[in-house]
Amino acid sequence: MGGGHLLTKITFFERFEQDILSGAKTITLRDEAESHVFAGQILPVSTFEADRWFCDIKVIEVVPVLFSALTEQHAAQENMTLPELRRVIQEIYPGLEQLFQIRFCVVNTRAHSIN
Ligand SMILES: CC(=O)Nc1ccn([C@H]2C[C@H](O)[C@@H](CO)O2)c(=O)n1
């Protein structure tokens, strides 16, 4: 991995929010620009559409993976079928072969209160 800017937040499309909060979705596949995170890092998560915070995640690992090497196991961790996952990735990252799998767990779903 090169020396890109460390990510300090991450966004997901709103349609994936419930899958993330329920624990059904435990990985996300991103391009190189969004791969600069490290194991143990806590990231605030917002919706892509409205930039609305909905949880924090802890990064468990970041692993390079090729689009052509995606398996049913990757799809299951995205709570999708493999054809669905391939279609989603092609829509977001058309023609991109080199992806990065970020495995995560949800660590916080409520905004901190000062009271
Ligand atoms: C801006 C941007 O790229 N946002 C993304 C990228 C990916 N996702 C989801 C879609 C799939 O479930 C996985 C794999 O790419 O991650 C997303 O929600 N938002």
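Ligands are counted one by one from 1 in listed order, and the atoms in each one are counted from 1 as well.
Judged purely by distance below 3.5 Å, without hydrogens or angles, the side chains of E17 and T47 never pair a donor atom with an acceptor atom.
The contact shell of ligand 1, taken as protein residues with any non-hydrogen atom closer than 4.0 angstrom, comprises T11, F12, F13, F16, K25, T28, L29, R30, E34, F48, E78, M80, V88, I89, I92, Y93.
The CD1 atom of I60 sits 11.5 Å away from atom CD1 of I102, with the distance rounded to the nearest 0.5 Å.
Classification of D56 and R110 as a salt-bridged pair fails, no side-chain N sitting under 4.0 Å from a carboxylate O.
At least one side-chain heavy atom of L99 sits less than 4.5 Å from a side-chain heavy atom of Y93.
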All N/O donor-acceptor pairs, side-chain side in residues 82-91, below 3.5 Å, sequence neighbours left out:
unit_1 : atom_1 : unit_2 : atom_2 : d
E84    : OE1    : T81    : N      : 2.9
R86    : NH1    : F67    : O      : 3.4
Q90    : OE1    : G95    : N      : 3.2

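A cation-pi contact links R30 to F12, judged by a cut-off of 6.0 Å to the six-membered ring centre and 45° from its axis.
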